[in-house]
Amino acid sequence: MAAITDEQVETVRALVASVPSGAVTTYGDIADAAGLPSPRIVAWIMRTDSSDLPWHRVIRASGRPAPHLATRQLERLRAEGVLARDGRIALAEYRHTF
DNA sequence: TTGGTGACTTATT
DNA sequence: TAATAAGCCACCA
């Protein structure tokens, strides 16, 4: 089985790192840009690989970060200029496309 | 090998 | 808008 390649992981990291402050992106976008077969893979990379990358700029398609990190990420994003409405981020406004 | 789990997405109700 | 179901891929015990 192909499993995932280091290159794919590195691509994901590069994409996340390329997201400017004040902008956010979704797992699906990263997965698509990195050529990953499923967005879940992106989540797996984040969970396993703890890097200095701004993971807080990566949110779900619903415009809402993960439940356990939501509070932290939302606060961090707010500090960067990403205003959340009712705990939800305006993807249409802050979504960063590659 | 099998089954359970997860920082997901989309579609349907 | 929220809740549920199914699909999806990789990791771990």
Side-chain angles (χ1 to χ4, degrees):
Chain A
M1 299 126 51
I4 212 155
T5 321
D6 293 349
E7 194 176 339
Q8 301 282 52
V9 179
E10 205 161 323
T11 303
V12 173
R13 283 199 250 168
L15 289 169
V16 176
S18 70
V19 178
S21 180
V24 297
T25 185
T26 66
Y27 292 91
D29 281 359
I30 294 178
D32 185 49
L36 294 172
S38 176
R40 287 189 91 112
I41 310 302
V42 179
W44 162 71
I45 296 173
M46 296 189 187
R47 202 196 59 171
T48 55
D49 188 341
S50 305
S51 306
D52 299 329
L53 295 171
W55 294 115
H56 45 90
R57 289 185 192 141
V58 183
I59 60 179
R60 306 196 296 179
S62 309
R64 216 172 162 191
H68 37 284
L69 303 176
T71 309
R72 205 162 110 180
Q73 295 199 182
L74 243 46
E75 208 168 320
R76 210 180 263 256
L77 289 169
R78 189 177 59 182
E80 293 187 351
V82 180
L83 304 179
R85 179 94 176 150
D86 250 0
R88 228 184 303 163
I89 298 173
L91 272 179
E93 293 288 321
Y94 303 105
R95 192 177 191 181
H96 175 70
T97 49
F98 299 103

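Quick caveat, the model's predicted, so the values are computed rather than measured. Chain letters run A, B, ... following the sequence lines, proteins first, then strands; residues in each count from 1.
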Which whole-number value in Å describes the distance from [X] [atom1] to [N] [atom2]?
X: A:Asp49; N: C:dC11; atom1: CG; atom2: C1'; answer: 14 Å
X: A:Arg64; N: C:dA3; atom1: CZ; atom2: P; answer: 9 Å
X: A:Leu15; N: B:dA7; atom1: CG; atom2: P; answer: 21 Å
X: A:Ile59; N: B:dA7; atom1: CD1; atom2: P; answer: 16 Å
X: A:Trp44; N: B:dA7; atom1: CH2; atom2: P; answer: 14 Å
X: A:Ile4; N: C:dC12; atom1: CD1; atom2: P; answer: 13 Å
X: A:Leu77; N: B:dA7; atom1: CG; atom2: P; answer: 18 Å
X: A:Arg60; N: C:dA2; atom1: CZ; atom2: C1'; answer: 13 Å

> Heavy atoms under 4.0 Å, any strand shown: does A:Arg88 hit a base, just sugar-phosphate, or nothing?
Replying inline: sugar-phosphate
>> Checking the side chain of A:Arg60 only, and the main-chain atoms of A:Arg64 only, is there a donor and an acceptor separated by less than 3.5 Å?
In response: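 Checked: pair present.
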> Measuring from A:Asp29:CG to A:Thr97:OG1, what's the distance to the nearest 0.5 Å?
Replying inline: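 If I round to the nearest 0.5 Å, the distance is 8.0 Å.
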> Is there a side chain to side chain contact (heavy atoms under 4.5 Å, CB included) between A:Thr26 and A:Arg95 once you walk through the steps?
Replying inline: CA-CA 8 Å; A:Thr26 66; A:Arg95 192 177 191 181; 3.4 Å; yes
>> Less than 6.0 angstrom separating the ring centers of A:His96 and A:Tyr94, yes or no?
In response: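 Judged by ring-centre distance (under 6.0 Å), A:His96 and A:Tyr94 do not meet the cut-off.
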> Between A:Ala61 and A:Ile41, which has a closest nucleotide on DNA chain B that is more 5'?
Replying inline: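 The residue mapped nearer the 5' terminus is A:Ile41.
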> Nearest nucleotide by nearest heavy atom, which residue falls closer to the 5' end of DNA chain C, A:Pro39 or A:Thr48?
Replying inline: A:Pro39
